[in-house]
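Worksheet for the structure shown next.
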Amino acid sequence: MSTSYATVLRTPGAARIFAAALTGRLSYGIVPLSLLLAVTGTTGSYARAGWVMAVFATATVVLSPVRAGLVDRFGPRRALPPMAAGYALVLLGLAAATWRPGVPFAVLLALAAAAGVLAPPLGPVTRALWSALLADPDLRRRAYSLDTVAEELLYVTGPLVAGLIAAAARPALGVVLGAVLVLAGTLALAASVRGELGSARADSAAGGGRSRPWRLLLRTRQPLASAAGVGAGLGAFGLLTVVFAGRHGQPADAAWVEAALAGGSAVGGLALGALDWRAPARIRRAVPIGGLGTALALAALAPTLPVLAAVAALAGVTVAPTLTTAYLLTDELAGPEQRTRAGAWVNAAFNAGGSAGTALVGLLADRLPLPVCLALAATPVLASLTATARTRGRARIRELAVR
């Protein structure tokens with residue numbers, strides 16, 4: 001770890017926030033696969049398991065900005081513990097319901113929906129706390145980079161833990177572990193927030209944090225477009241790697257491509273934080289987006305799985321910088337009383353884009369040649385770059401007209 005990252009963690013309170021957030025967010029890497037395996041085992045149906053996971057994911061993504069808005073309004077100390085307690089209880093209910101067959105399918109759907117409604121927005125909260133804790137822009141950029149890289153690695157580690165638990169015992173135990181981790185991590189995160197910080201955020205929200213959400217969306221449309229485009233491209237690429245691996249070996253070999261993508265993203269994210277960047281976030285955003293779109297387009301030329309993994313590693317170098325820059329720009333555009341909600345919108349845009357990209361390419365994979373589908377995966381990424389460029393151009397024209 002470079003000196004710059006050590007400086008971030010030496011900031012008073014930073015190490016406690018980082019450790020607590022990682023503990024809670026590890027749950028989000030473990031629970032999805034554990035729940036999928038548990039529901040599949042108890043119902044004997046992949047289709048029903050898919051419906052449960054779809055309900056869980058949809059409720060989580062759609063309501064994430066709402067939960068983040070509650071944190072902005074009441075502060076982390078007041079808003080997070082009830083969410084964490086409710087979410088953990090519902091997860092325990094899901095673990096009990098999937099421990100053995102016999103629970104009605106409607107009950108599983110209801111519990112999955114409740115879990116999605118209550119999931120604490122730990123990522124957006126953590127980034128908002130970084131912004132409040134670190135006044136220096138360079139330190140804040142390094143903190144965001146470190147946070148993004150750590151979160152991505154958790155989403156690689158979590159499924160591995162879930163798989164080990166499922167192989168050694170019952171998948172439902174992974175859901176139980178997720179409940180314990182999210183409750184412990186969230187309570188520790190809320191407790192680590194300095195009293196004056198939590199009250200200041202609540203006072204700020206009470207005084208000026210009730211502006212209409214559409215105004216926040218309008219101000220942050222550029223980073224949201226970037227997140228949605230990147231999510232769509234990566235969602236499509238993720239499904240296509242499974243198809244590619246199945247045609248060149250075993251579908252499970254797609255894990256190597258995903259690992260290469262995650263490794264490249266870690267390198268890119270750490271480099272973004274370690275290097276000194278003169279350009280503002282608005283300009284820095286265009287470079288990794290263009291690089292990601294180009295790399296995904298090159299994937300269409302990959303003849304073998306190792307080559308595709310190499311291209312994925314190249315694409316991954318741009319992923320964490322793109323998302324980190326989107327978070328930083330959103331943080332700049334949103335007021336202090338809306339930072340958590342703004343970060344949640346970036347998450348929602350990325351996840352929604354990923355779902356749309358996966359669904360669309362799933363329809364095309366059986367109708368078009370695989371290289372064509374891989375090339376199409378780059379389209380939403382490059383389209384988001386074009387859209388944001390047009391937006392900047394219109395803003396510049398309005399600025400000149402006012403002058």
Side-chain angles (χ1 to χ4, degrees), residues 19-64 67 80-123 125-126 150-190 255 258 347 351 354-355:
L22 290 185
T23 300
R25 289 151 88 181
L26 178 58
S27 171
Y28 295 149
I30 295 174
V31 167
L33 180 57
S34 295
L35 183 58
L36 175 63
L37 295 175
V39 175
T40 302
T42 195
T43 63
S45 170
Y46 287 108
R48 291 195 167 191
W51 275 107
V52 170
M53 298 309 299
V55 169
F56 174 58
T58 300
T60 301
V61 172
V62 171
L63 294 178
S64 177
R67 295 189 299 271
L80 286 179
M83 293 183 196
Y87 181 63
L89 285 175
V90 174
L91 288 183
L92 292 176
L94 279 167
T98 56
W99 194 262
R100 55 176 53 90
V103 174
F105 181 54
V107 173
L108 296 177
L109 289 176
L111 288 171
V117 168
L118 294 168
L122 297 182
V125 168
T126 306
E151 185 174 49
E152 291 204 12
L153 292 179
L154 288 179
Y155 281 101
V156 175
T157 306
L160 293 177
V161 174
L164 290 175
I165 293 174
R170 293 175 180 266
L173 285 177
V175 181
V176 174
L177 176 60
V180 173
L181 287 172
V182 77
L183 183 60
T186 305
L187 293 180
L189 180 63
E258 293 293 338
N347 282 359
N351 292 327
S355 299

Distance-only criterion, 3.5 Å: show the donor-acceptor pairs between side-chain atoms of residues 22-36 and protein atoms not counting sequence neighbours.
residue : atom : partner : partner atom : Å
T23     : OG1  : A19     : O            : 2.9
R25     : NH1  : D147    : OD1          : 2.9
R25     : NH2  : D147    : OD2          : 2.8
R25     : NH2  : E151    : OE2          : 3.2
S27     : OG   : G178    : O            : 2.8
Y28     : OH   : P120    : O            : 2.6
S34     : OG   : I30     : O            : 3.0

Side chain T126, main chain L122, donor-acceptor under 3.5 Å: yes
Taking the side chain as C-beta and beyond, is there a heavy-atom pair between P81 and L187 under 4.5 Å? yes
Check T40 against A49 and note the closest heavy-atom contact, atom names and distance. OG1-CB, 3.2 Å
Measure the CD1-CG distance between I165 and L177 for me, rounded to the nearest 0.5 Å. 5.0 Å
Pairs in or reaching into residues 159-187: which pass salt bridge (Lys or Arg N to Asp or Glu O under 4.0 Å), with residues at least two apart or in two chains? none
To the nearest 0.5 Å, how far apart are OG1 in T42 and CG in L37? 12.5 Å
Between atom CG of L118 and atom OG1 of T60, what is the distance when rounded to the nearest 0.5 Å? 9.5 Å
Quick check: closest heavy atoms across A115 and F56, and the distance to 0.1 Å? CB-CE1, 3.7 Å
Using residues 87-104 as the side-chain source, report each donor-acceptor pair under 3.5 Å to any protein atom, sequence neighbours left out, with the distance given to one decimal.
residue : atom : partner : partner atom : Å
T98     : OG1  : L94     : O            : 2.7
T98     : OG1  : A95     : O            : 3.4

Supply the atom-to-atom distance L108 CG to M53 CE, rounded to the nearest 0.5 angstrom. 12.0 Å
Listed by chain and number, what are the side chain to side chain contact (heavy atoms under 4.5 Å, CB included) partners of S45, not counting sequence neighbours? T43, A47, R48
Looking at every non-hydrogen atom in both residues, tell me the closest pair between P171 and A38 and how far apart they are. CB-N, 3.6 Å
